[in-house]
A.B. asks: 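Quick one: the structure is below, questions incoming.
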Amino acid sequence: MKLADDERRMLDGGDGPAVQAAMSLLVRYGEILGAERMVDTDNVCGANIFGSHQAGLAGGTGDATFAEFSLDHHGGFEIPPVKAHSCQLIGPMDTQEWRTQGVSQETHDAIMDSESYSGRHGVHLMNTCTPYQVGNVPVRGEHCAWMESSAVVYINSVLGAMSNCEGRESSAAAMLTGKIPYWGLHLPENRFATVQVDVTVDVGTVMDWGLLGYFAGDVVGERVPVFNGVAGTPDLVMLKHFGAAAASSGGVEMYHVPGVTAEARTLDEALGGRRPAETIQYGPAERAQAYEKLNSTGSGDDVDLVMIGCPHATLDQIRDVCDLLGDQKIADGTTLWVFTPRAIRLLAERDGYSERLRRAGGLLMSDTCPAIGRFVPRGTRMVVTDSAKQAHYLPAIMGIQGRFGTTKDCVEAALTGRWGGGL
Ligand code: F3S
């Protein structure tokens, strides 16, 4: 790679051994990817909160753990404060409800130490997969280095920021250097759509967008699709669910919806003036196929867990769950968990939503989710969710059955203990 003077200085150790290790990692990473150079970034979202297991393996100190697990280095040096504006993504533990998760005291203490270490190094502890909902909203053309597929596809497509889907190590190295290899979606020419999806059914609800995203990811893989024929204007929640679904069934990191997303005023602009390599239809049959696939792991109707908030819920989504619950109580033997960023949880507490959920027998949680923290209530056999992403991952991760539907279907399931959803 061609390195600028400041990058060469970092690689040669001029900014200290930790920055040297970070730049060395980025150079190796960039060379493997075929990047010709680095690009400056001042917006990095990564994941550097570790439990007792990792801390023990690395030798116990925060510096050693960061070097081992975030920089792929044997360490022996002090980690300086981050150089780039940096945020912590979702982590493994809810710092308030950790006992409900089944987290041990030892793991809790190690995670709290690790979080405090990150905070002292200048990482903003947003602890969510949706930093764009709580203050980190990159602008169009801003080069970012974010982990978390649902967040990356959102900022690329909806906001027009430029990020590949980074890993823990590359994002940690970007935090310390303010650099990331210039490849993939940092290059304008790679951001045009190459596949067109002609949408011939109404896509007007969160569930509709989840189904379309789930179908599309499966068929387009890692290509950039443009969705032609979508009427109306989807809101943040719809696009959040849509991108998360497309990044789960496939590897979509960028898409266009003409008239909606940042770089697609028209179909032609989304395609960069070229013809699509492939055109795919999305009609009633494809919608039904996506629904069937998402509900394929469930055979019975008894519901153990209802999970809302993947990606992390907005304040309005939390209010909607409260309104659907009204004064009713959830069924005995059924658990209702709603997940949100820690900043939104504070608002939900002030607005009274946490208490309303608790009165109904549910729980508002933050900082984590069942798929990342790998936890469900003991004995759970069936989870239901309004998130195509969670319905895709959680059954596989936890070896349970899953059902996907509307938020209303999910709240009904919490109240009755039975699944009654349908297409
Ligand atoms: Fe976020 Fe967990 Fe879903 S990280 S996108 S709530 S699987």
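Residue numbers start at 1 and run along the sequence shown. One-based numbering, in listed order, for ligands and for the atoms of each.
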A.B. asks: Tell me which protein heavy atom sits closest to atom 1 (Fe) of ligand 1, plus the residue, atom name and distance to 0.1 Å.
C.D. replies: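 Result: C129 SG, 2.4 Å.
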A.B. asks: Side chains of S366 and R345: do they bring a donor and an acceptor to under 3.5 Å?
C.D. replies: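 Yes, a side-chain donor-acceptor pair sits under 3.5 Å.
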A.B. asks: I90 heavy atoms, cut-off 4.0 Å: which ligand 1 atoms fall inside?
C.D. replies: 4 (S)
A.B. asks: I'd like to know if the side chain of N127 reaches the main chain of T368, judged simply by a donor and an acceptor atom lying under 3.5 Å from each other, with no hydrogens or angles considered.
C.D. replies: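 The answer is no, because no donor-acceptor pair under 3.5 Å joins these two groups.
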A.B. asks: For Q390, take its heavy atoms, then give the atoms of ligand 1 lying under 4.0 Å from any of them.
C.D. replies: 3 (Fe), 7 (S)
A.B. asks: Could you tell me, atom by atom, which parts of ligand 1 come under 4.0 Å of a heavy atom of G309?
C.D. replies: 6 (S)
A.B. asks: Establish, from distance only, whether the side-chain atoms of R168 and N48 form a donor-acceptor pair under 3.5 Å.
C.D. replies: no
A.B. asks: Ring-plane angle category for F242 and W209, please: parallel below 30°, perpendicular beyond 60°, tilted otherwise.
C.D. replies: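 If you compare the ring of F242 with that of W209, the planes turn out perpendicular.
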A.B. asks: Counting distance only, does the side-chain N/O of S296 pair as donor-acceptor with the main-chain N or O of K293 below 3.5 Å?
C.D. replies: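 Present.
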A.B. asks: Would A244 count as a contact residue for ligand 1, given that I'm defining contact as a non-hydrogen atom of the residue lying under 4.0 Å from a ligand atom?
C.D. replies: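 Heavy atoms of A244 never come under 4.0 Å of ligand 1.
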A.B. asks: Which ligand 1 atoms, with their elements, are less than 4.0 angstrom from a heavy-atom of S150?
C.D. replies: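 It comes down to these atoms of ligand 1: 5 (S).
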A.B. asks: Going by the order shown, which atoms of ligand 1 are within less than 4.0 Å of some heavy atom of K389?
C.D. replies: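 Taking each heavy atom of K389 in turn, ligand 1 has 5 (S), 7 (S) under 4.0 Å.
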A.B. asks: Determine whether the aromatic ring centres of H108 and W98 lie less than 6.0 Å apart.
C.D. replies: yes
A.B. asks: Does ligand 1 have any atom that is closer than 4.0 Å to a heavy atom of S149?
C.D. replies: no
A.B. asks: Output yes if C369 passes the N/O/S-under-2.8 Å test against atom 3 (Fe) of ligand 1; output no otherwise.
C.D. replies: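 C369 does not place any N, O or S atom closer than 2.8 Å to atom 3 (Fe) of ligand 1.
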A.B. asks: Tell me, please, if C310 has any N/O/S atom, main chain or side chain, under 2.8 Å from atom 1 (Fe) of ligand 1?
C.D. replies: no
A.B. asks: Could you check if a side-chain atom of Y214 sits within less than 4.5 angstrom of a side-chain atom of H392, using non-hydrogen atoms only?
C.D. replies: yes
